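Take a look at the structure set out below.
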Amino acid sequence: MDSDWVARFADDVIAEAERRAPGKPIVCASGLSPSGPIHLGNLREVMTPHLVADEIRRRGLDCVHLLSWDDYDRFRKVPAGVDPSWAEHIGKPLTSVPAPPGSSHESWAEHFKAPMTAALAELGVTYRGISQTEQYTSGAYREQILLAMRERERIDAVLARYRTRQTGDAPQPKPYFPYRPYCELCERDSTTVTAYDDDTTELAYTCACGFGETVRLAEHDRGKLVWKVDWPMRWAYEGVVFEPSGVDHHSPGSAWVVGEPIVREVFGGEQPIGPMYAFVGITGMAKMSSSKGDVPTPADALEIMEAPVLRWLYARRKPSQSFKVAFDQEIHRLYDEWDALGRKVAGDTAQPAELAAYERATRTAEGPLTGTERAVPYRALASIVDITTGDGEQILRILGDLDAIASLDEARPRLDRAQRWVDTQLPADQRTHVREAPDDELLGSLGEDDREALRLLADGLDEHWSLDGLTTLVYGVPKLRAGLAADAKPTPEVKTAQRAFFTLLYRLLVGGETGPRLPTLLLTVGADRVRKLVGR
């Protein structure tokens, strides 16, 4: 567990805000482009400032988290799985592109914003959303655009320094304009500014579609600043003090790097402080990319894990450290860690950084997040759901035996997450199918030692009918057969005997060499059926 990085950043942000704008609300910022599925890597762009802003609010200070939806960006490509005819919209603003086929949303941007908005609400992320389409088309940035056009040579000189440093190329001879109109006729940004007059603000452009016109930029609201100018403009416009950025923004000549001199020299502002954050991966998957589609989103993760657990993944690691979100069997280990931390917190034995991450995962400055009343181990719930094929009555019977649970609601929402995990993530060849009848051929082939081990198991079921008790029983039977006490430390020979005994039980119960953890499996199958299947 890392030290409390959130508190350290909050200290720095508060001090920096006091230096820059004493007495004003502290501004943290994020930006997301709804050009495709907004994935779990993108979520770090939001969670990092959210956690810092939330910590500042916990301290009683006024802090706002701005989330800019870059929905005025151009539509760049048609992702896999979408009708190729959508290529006719390439170059239009995302808010002017129709939503994918079958969507109920009015635009491409809204289609991909909606699930992220719902996920952020479930995660307890409080923010002020800003649509860049609304900002540009309302004229909110008009003075900033006119300023950038007046300072176009200065901006070009900044960019040229980095172009020269990277490639050694000479500065481009053609005039540079930091503003790109969207064509009035075809709505695309396949335009070229051909002339601009600072005094009248008259701007002439032509479009690849053949259209051209002259407009007064002081009145024109169908275009935007290029990204490397747009971002620093917003830093100054919003007074952003803290904003993280991805690794890809920190290469030479990138928007973050050139943004510092542009915001200072052109817009009279300062670059935010903020960390470079590392990538977030998925267990068993390569680096995520929205442009390729079919990447797990926060909404996908929230189907199989509770919001506090997903928050914890982002809170417990420094932004500079990469981590993976588990959609496979690793989710069981993740939940085991989470439950162990919960016990440490309850027992007042958690380290300060552990406690801080837990507190940030389970509640915000506005209050606690929804949790599960009775935290049955996730792996146990998944096994129970798998073996019972989701039968509510059977699940309740088993949970009653397992943890004296009287209503399935006591195990929710974790139970529902485990159900969804089994339904969507557990491969068919890993599903558990309990035998309907005893394997008479296998039972008939057993020697006296195996028969005696099965008798000891069957006779001990009632006395040990709990998760801990059955654990003691299945590990203890080979010890007793070796002349040791059930609680004795196993010898290497006993460990070998235990593995053989477990394999035998799996073969008799589920017809395979492996399966769910045996105590959970026994509890789920039920004592009478276990006795029947082991021939007792």
Side-chain angles (χ1 to χ4, degrees), residues 33 35 68 70-77 87-97 107-109 131-164 167 169-237 253 255 258-259 261-263 265-268:
S33 176
S35 58
S68 276
D70 291 318
D71 52 12
Y72 209 45
D73 286 359
R74 73 191 303 270
F75 182 53
R76 296 183 179 276
K77 62 182 294 185
E88 70 178 274
H89 302 293
I90 290 175
K92 295 180 182 178
L94 295 170
T95 41
S96 296
V97 178
S107 72
W108 189 273
S131 163
Q132 290 304 315
T133 296
E134 293 178 8
Q135 291 293 93
Y136 272 104
T137 58
S138 70
Y141 296 146
R142 183 166 291 134
E143 291 305 316
Q144 286 70 28
I145 292 170
L146 294 174
L147 172 60
M149 289 294 278
R150 288 196 301 272
E151 296 289 336
R152 58 190 178 276
E153 291 185 3
R154 185 192 301 269
I155 294 171
D156 190 36
V158 170
L159 298 176
R161 293 204 298 267
Y162 291 92
R163 285 197 295 266
T164 301
T167 66
D169 293 341
Q172 298 175 353
K174 62 183 180 181
Y176 170 78
F177 298 103
Y179 179 81
R180 173 166 288 187
Y182 280 110
C183 177
E184 183 68 24
L185 181 64
C186 73
E187 297 187 84
R188 298 179 180 85
D189 69 345
S190 50
T191 56
T192 301
V193 176
T194 56
Y196 180 69
D197 185 273
D198 286 311
D199 294 331
T200 64
T201 77
E202 286 191 348
L203 179 148
Y205 74 86
T206 58
C207 181
C209 74
F211 181 77
E213 65 174 340
T214 299
V215 299
R216 288 191 69 241
L217 192 53
E219 301 169 352
H220 185 258
D221 298 322
R222 283 198 57 79
K224 70 188 294 287
L225 293 171
V226 297
W227 170 239
K228 289 184 179 181
V229 181
D230 172 78
W231 198 12
M233 177 275 290
R234 289 192 232 164
W235 293 339
Y237 183 87
V258 302
I262 290 175
V263 70
E265 298 176 24
V266 177
F267 296 106

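In this chain, residues are counted from 1 in sequence order. All heavy atoms count here, side chains included; hydrogens, waters and symmetry mates do not. Treat the numbers as computed from the prediction; the structure is a model and nothing was measured.
At a threshold of 4.5 Å between non-hydrogen side-chain atoms, the residues Tyr176 and Leu159 count as touching. Side chains of Arg152 and Asp198 form a contact here, defined as non-hydrogen atoms less than 4.5 Å apart. Gln132 places a side-chain heavy atom less than 4.5 Å from the side chain of Arg234. Looking at heavy atoms from C-beta onward, Ser96 lies out of side-chain contact with His89 at the 4.5 angstrom threshold. Side-chain contact between Leu94 and Ser35 is present, with heavy atoms from C-beta onward closer than 4.5 Å. Contact of the Val266 side chain with the Pro232 side chain is not registered, since no non-hydrogen atoms from C-beta on lie closer than 4.5 Å. Taking 4.5 Å as the limit, some side-chain heavy atom of Met149 sits within range of a side-chain heavy atom of Pro178.
Between Arg161 and Pro261, the shortest heavy-atom contact is NH2-CB, 3.9 Å. The two residues Pro181 and Thr191 come nearest to each other via the heavy atoms O-OG1, 2.8 Å. Of all heavy-atom pairs spanning Gly139 and Asp221, the tightest one is CA-OD1, 3.6 Å. Across all their heavy atoms, Gln144 and Phe267 have their closest contact at O-CE2, 3.7 Å. Nearest heavy atoms, Trp231 versus Ala255: CE3-CB, 3.7 Å. Minimum heavy-atom separation, Asp197 to Asp199: OD1-N, 3.0 Å.
Evaluation of the side chain to side chain donor-acceptor pair (under 3.5 Å) rule for Arg216 yields Glu219 as partners, not counting sequence neighbours. Looking at residues two or more places apart in sequence or on another chain, you find a side-chain contact (heavy atoms from CB on, under 4.5 Å) between Arg76 and Arg74. Residues satisfying the side-chain contact (heavy atoms from CB on, under 4.5 Å) criterion with Ser138, sequence neighbours excluded, are Ala140. Under the side-chain contact (heavy atoms from CB on, under 4.5 Å) criterion, Leu146 pairs with Arg142, Glu143, Arg150, Tyr196, Thr201, Leu217, Ala218, sequence neighbours left out. Legend: residues meeting side-chain contact (heavy atoms from CB on, under 4.5 Å) with Ala157, ordered by chain and number and at least two apart, are absent.
Thr192 places no side-chain N or O within donor-acceptor distance of the main-chain N or O of Thr206, the cut-off being under 3.5 Å. Judged by distance alone, with hydrogens and angles left aside, the side-chain atoms of Lys228 form no donor-acceptor pair with the main-chain N or O of Ile262 at under 3.5 Å.
Side chains of Thr95 and Asp71: a donor-acceptor N/O pair is absent below 3.5 angstrom, by distance only.
The ring pair (Phe, Tyr, Trp, His ring centres under 6.0 Å) pairs that include a residue from residues 132-155 are Tyr72-Tyr136, Tyr136-Tyr141, Tyr141-Tyr237, where partners are two or more places apart or lie in different chains.
Other residues, nucleotides and ligands contribute at most 12 non-hydrogen atoms within 6.0 Å of the CD atom of Glu134.
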- Query: So Tyr205 and His220, side-chain hydrogen bond (donor to acceptor under 3.5 Å, both in side chains) or not? Walk me through it.
  - Reply: CA-CA 12 Å; Tyr205 74 86; His220 185 258; 5.3 Å; no
- Asp70/Lys224 under salt bridge (Lys or Arg N to Asp or Glu O under 4.0 Å): CA gap, chis, key distance, verdict: CA-CA 11 Å; Asp70 291 318; Lys224 70 188 294 287; over 6 Å; no
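Between Asp230 and Arg180 there is no salt bridge, since none of the side-chain N atoms of the basic residue sits less than 4.0 Å from a carboxylate O of the acidic one.
The OG1 atom of Thr137 sits 8.5 Å away from the CD atom of Gln135 when rounded to the nearest 0.5 Å. The structure places CD1 of Ile155 at 7.5 Å from CG of Leu225, a figure rounded to the nearest 0.5 Å. With rounding to the nearest 0.5 Å, the separation of CG in Leu185 from SG in Cys209 is 5.0 Å.
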